[in-house]
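See below for the structure under consideration.
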Amino acid sequence: MDARGIVKMVAVMAVTVLCVPGWSPARAGAPTQVEVLRGGDDDITAALAGAVVQAFGRDGAFVLSSGHRANSLIVVVQGPTAAARAGIHYKLAFPIRYASAQGQTLGFTEVTCQENTLTKCAEQAVAAAGPAAGKLGRH
């Protein structure tokens, strides 16, 4: 491949990266520090919070933190607000709040899954964290 071909390939890659939905320049740099808290002390909320911590730990855009460090994204896993029987399991809905370390609310989402598939809810929480992380430092 000649120099012009390399330049074209790099240009195509740059345009592709900029067009990926949910990608923001803020996430292109250092990972966002994230701290996961529980808004309830029941077993299912504790289990989901643990799954959310593991999911953030696997995502390269985030790094786990503690102590409400400045510029950290605080993720609060609330207790389930809805439950519906789905065969032998229950489909649960959990509100998730995203905030800055200073307490500024940056976003909300509600994740849904069955009690035996909490990793599905955890992945939804991580996916929804991107827009909130992009707001850090702007409030």
Item to check | Residues Val34, Leu64; criterion side chain to side chain contact (heavy atoms under 4.5 Å, CB included); working and verdict | outcome: CA-CA 5 Å; Val34 65; Leu64 296 171; 4.0 Å; yes
Would you give the length of the straight line joining atom [atom1] of [X] to atom [atom2] of [Y], rounded to the nearest 0.5 angstrom?
X	Y	atom1	atom2	value
Phe56	Gln33	CZ	CD	13.0 Å
Thr109	Arg97	OG1	CZ	14.0 Å
Gln124	Ile96	CD	CD1	9.0 Å
Tyr90	Ile44	OH	CD1	12.0 Å
Tyr98	Thr105	OH	OG1	12.5 Å
Phe94	Thr45	CZ	OG1	5.5 Å

Checklist outcome for this item: Paired with Val77, the side-chain contact (heavy atoms from CB on, under 4.5 Å) test is passed by just one of Val36, Val111, Val53, namely Val36
Mind listing the closest non-hydrogen atom pair of [X] and [Y] along with its distance?
X	Y	result
Gly79	Asp42	CA-OD1, 4.3 Å
Ala70	Gln102	CA-NE2, 4.1 Å
Thr112	Lys120	O-CE, 4.2 Å
Glu35	Leu37	OE2-CD2, 3.6 Å
Ala129	Phe62	CB-CZ, 3.8 Å
Ala101	Arg69	CB-O, 3.2 Å

Next on the checklist: Is there a continuous path of hydrophobic side-chain contacts, each under 4.5 Å between heavy atoms, that joins Ile74 to Leu48?
Outcome noted: no
Heavy-atom side-chain contact between [X] and [Y] under 4.5 Å:
X	Y	value
Leu73	Ser100	no
Leu136	Leu106	yes
Cys113	Leu92	no
Gln78	Val76	yes

Checklist entry - Is the shortest distance from a Lys or Arg side-chain nitrogen in Glu123 or Arg58 to a carboxylate oxygen in the other one below 4.0 Å? => result yes
Checklist entry - Should we say atom CG of Asp43 is surrounded by more than 12 heavy atoms from elsewhere, each under 6.0 Å from it? => result no
